[in-house]
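Index from 1, following the sequence. These figures come from a predicted structure and were not determined experimentally.
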Amino acid sequence: MGANTSQVSDLSDNPSLKALVGTESISENDPFWNQLISFTFISPTSSGDSKLLEEAVIPLAKTLIENNPRTGNFSALVRIFLGRTKELKISTECQDQLFIWQAHNALFMIRCLLKVFIREMSEEELHLQFSYQERAPGFQTGSEDLLEELLSNLVHLIVEVPLLDITYSILFEAVTTLLVFFSYQLFHKDILRDGIIYQHIMKGRCLCLTSRLVKTLLYNFIRQEKCPPATHIFEPKAEGGLLYGLASGVASGLWSVFTLGGAGSKAGVDQEHNPLPLSNQSLLLLLVLANLTDGPDWPNPYRQAITCFRNTQDTSSLPVEQPHTFQINFNSLYTALCEQQRSDQATLLLYTLLHQNANMRTYMLSRTDMDNLVLPILEILYHVEERNSHHVYMALIILLILTEDDAFNRSIHEVVLKNISWYTERSLTEISLGSLLILVVIRTIQFNMTRTRDKYLHTNCLAALANMSAQFRCLHQYAAQRIISICGTLITTCAVCRLCFWVLWSSLKCIIYLSLGFSFLSLSLCLPCSLFALLSKKHNKVLEQATQSLRGRQGDNTALPDYAQDLNVIEEVIRMMLEIINSCLCNSLHHNPNLVYALLYKRELFEQFRTHPSFQDIMQNLDTVIGFFSQRLEQAGSDLSVERVQEVIMKGAQALPKNRLKTFPELKFKYVEEDQPEDFFIPYVWSLVFNSGVGLHWSPHGIELFSMDSG
C-alpha cells in the first residue's frame, strides 16, 4: 500500500491518501478502495491520541473539501462502506471477519473526515459533499439522498448486528459516528431545533427504528462489555486464507501506525481507565437523542421511548398503546445504574428515568435494596468539592424525587449500614441509611453556605429534608446533633451578615477616611476569635462594596449589597430548618429521643427566635417541647447521667399530649422541571460528550455552546 508510514504526522505524505483527497476521480470499482480500507488498527480511545490523529487528518480533509465537488471521492467512500455493510449480518453469523473488518475501516475514515467537515461547513454544505459524484462520461446523478442513507444504515447496523468480539469495534464506530453527526450543536450558542440531520433522525427512515435504537443503547449500557483484546478482534484464521493474506500484506503499510490501543502504546494505558468504550459512547448517544428538542408539531420520539418502556416481567396490557414503547429487563438496568453512578452521564440517565418514566420510578421505589442506589448518590454529594456543579445538582434532584415517596422515607430508616468507609468526618460503625442521608445533605448545605452560596442548591437540600421530616425515625445521635448545630451555624452567619450590613451603611459616607486597622482594633476587643476571623474576611468585602457604592451614588439608586440578599436567604433557611424540626416533633417525636436530647442540650440557641417576627409561630411548638422536657428533667433531679436523661426523654415522649402541639400544614415539595429545560440539559449533555467521549477530541476554540469552565 505504498511506503511505510511510521508516524501519524506522515499521513499527509502518503500516496494512497493523496489520491483519495486529490483531483482525480476514483471509480467505485477500482481495486484502490479494497486496498485503502484493508488496514489493521484499533480506533484511538484516548483524547491525546485522537488529538494527534485529528491534527494529521485536518489538512487532508480540507484538501478533500476543495476537490470533492469535482471528484466525488467522498461519496464513493461512503458507498464503499454501504456496500460492505450489506453483508454484515450474514458475515457475523458465519464468523467471517473480512466484511466486518473492511466496513469498520471505511467507517472510521468517514468519521474522521466528517468530524473536520462539520467544523468547517454548514449542514447544507455538508449535504452537498454527499451529493457530489464521479463525473464520468454519460454518468447520471442518482436521486438518492446519500446522507440519509448513511444515517439510516448506521442505525440499522447498531440495532441489527449482534454485539460480539468481532463486531465490537464496528458497533463502537457506528455509535461514535452518529455522535459526530450531532456535534454541530457544539459550534452554536443557541439550541438547534431543526436541520437536515435533525429531520432525518426525527422524521425520516430512522423513525421506525426509534424503540429498537433506544433499547439497544440501553442494553449496551447494561452489559458493560469491555473492549476485546486487539489480537482477538481480527486474529488470522489457522489455515490462512484471504483475510490473513490481505491483513498481513498491508500490516506494514500506512495504517499499521494506528494500533493505538495495542500493547505498549499510550492508549493501552488509557483503556484501563476507560475499559467500556461502547457502553460509555452508547449512553452519551442516548442522552443526546433523549434531549433533542420537540418539533413544531411532533414530539421527540426518543424521549417518548425513554418515557414509556416497561419491564420484561410486566405482562399487563395497556389501555392505549403508546408510541415507541418496548420492554427491557428492569433488574439488569437497575443493577447497572447502581454500579455506574461515578460518572455524570450515568447519574443523568438515572435522573431522566426517575423523572420521566413512571414504570421505572415505581420499580426502583419498590426495591428492598435501595441502599445500593442511594449510597453512590450520597457519595457524590459527600465529595462535593471534587464534583462539578451539574453532577451535584443531578444527585440532589434524584434525592428530592425519591423523598417525594413516603414509603421511601420510612424504609430508609430501617436499612442499617455498617462502617461507611468514605464518610471520614466521624467514625460511623452503625447508622441507618436515613440518618446518613440527613448527615450528607446537611454537610452539603454547610458547604454551600461557606463556598458557593447557591440558592438553588439550598432549596433542593431543604426540600429533600422537609419531605423526609415527618418520617424521621430513630435518628442517629450524630444526625440529631447536626440538625441542631446547623441552626447554630446559621444563627452565627445571620449575626455576621447583620453586623456587616450595619457597618456598610453606617460607614458609607466616611469609609474613605476610616482606617481599616483602627476600626477593627476596637471591634476585635469584643468579639470571639473565630467570629472575629470570619468577620475580618467579610469586612474586606464590605469596604470594597461600600467604596464602590459611595463612588457611584451620584444620581442613581444603588442596589442593596450582597449582605442584604444573604440575610434574606439565611433567614429563609433558618425558617425551613425550624419547620423541619417542628415537623419531626409533631409527627414522630416518640421515635426520635436523640433529637429531643440535642434540642434540650442546645436550647439557648433558640431563645432569640421567640421575638423574631419570621419565626414566632413556628417557635411555639419548639418552646412547648423544650419546656415540657426541661420540667421533667428538673423533676428527675440534678447531675443526671446521659443514660438517665435519655430514659426521662423516652418516657416523656409517650406522656406528651399531641394536642399541645400546634398543627402545621404538611411539608411536601415536588420537583418540577423549569420551562425550557433544554437550555440547561443540552449544554450539559454536550459538555459530557466533549469531556467523556471515548476517542473524541475537539479543540476548545470555536466551541460556542458552553464555556470551557462550565459545569
Any chance you could measure [X], atom [atom1], to [Y], atom [atom2], to the nearest 0.5 Å?
| X | Y | atom1 | atom2 | result |
| --- | --- | --- | --- | --- |
| Phe181 | Leu147 | CZ | CG | 5.0 Å |
| Leu107 | Arg84 | CG | CZ | 13.5 Å |
| Met202 | Leu289 | CE | CG | 9.0 Å |
| Leu209 | Ile158 | CG | CD1 | 10.0 Å |
| Tyr334 | Asn329 | OH | CG | 14.0 Å |
| Trp686 | Ile703 | CH2 | CD1 | 9.5 Å |

Inspect the contact between Glu66 and Lys62 and indicate whether a charged nitrogen and a carboxylate oxygen are less than 4.0 angstrom apart.
no

Check your understanding: Would a line drawn from the ring center of Phe680 to the ring center of His390 be shorter than 6.0 Å?
Key -> yes

query: Strictly under 6.0 Å, is that where the ring centroids of Phe681 and Tyr351 end up?
result: yes

Do side-chain atoms of [X] reach the backbone of [Y] as a donor and acceptor pair under 3.5 angstrom?
| X | Y | result |
| --- | --- | --- |
| Arg303 | Leu292 | yes |
| Asn68 | Asn73 | yes |
| Thr71 | Ser25 | no |
| Thr85 | Leu88 | no |
| Trp33 | Ser27 | yes |
| Asn291 | Ile682 | no |
| Ser343 | Ala346 | yes |
| Asn280 | Leu276 | no |
| Asn359 | Asn311 | no |
| Glu173 | His104 | no |

Here the pair of heavy atoms bringing Glu678 nearest to Pro683 is O-CD, 3.4 Å

Cys112 and Val57 have their tightest heavy-atom pair at O-CG1, 3.9 Å

By side-chain hydrogen bond (donor to acceptor under 3.5 Å, both in side chains), Thr325 pairs with (sequence neighbours left out) none

**Asked** Do Thr347 and Gln341 have a side chain donor and acceptor closer than 3.5 Å?
**Response** yes

Do Gln340 and Gln224 meet the criterion of a side-chain donor-acceptor pair at a distance under 3.5 Å?
-> yes

**Message:** Check this for me: Asp297, atom CG, are more than 12 non-hydrogen atoms of other residues, nucleotides or ligands nearer than 6.0 Å?
**Reply:** yes

Give a yes or no on whether Lys51 atom NZ has more than 12 heavy-atom contacts from other residues, nucleotides or ligands under 6.0 Å away.
-> no

Side-chain heavy atoms of [X] within contact of [Y], under 4.5 Å:
| X | Y | result |
| --- | --- | --- |
| Val214 | Leu286 | yes |
| Phe187 | Trp698 | yes |
| Ile306 | Asn357 | no |
| Lys215 | Phe309 | no |

side-chain contact (heavy atoms from CB on, under 4.5 Å) test vs Leu171 passes for just one of Thr176, Leu164, Leu163, namely Leu163

In short, ring-ring contact (aromatic ring centres under 6.0 Å, His included) pairs touching residues 66-89 with sequence neighbours left out are Phe74-Phe117, Phe74-Phe130

Of His200, Glu149, His156, the one forming a side chain to side chain donor-acceptor pair (under 3.5 Å) with Arg205 is Glu149

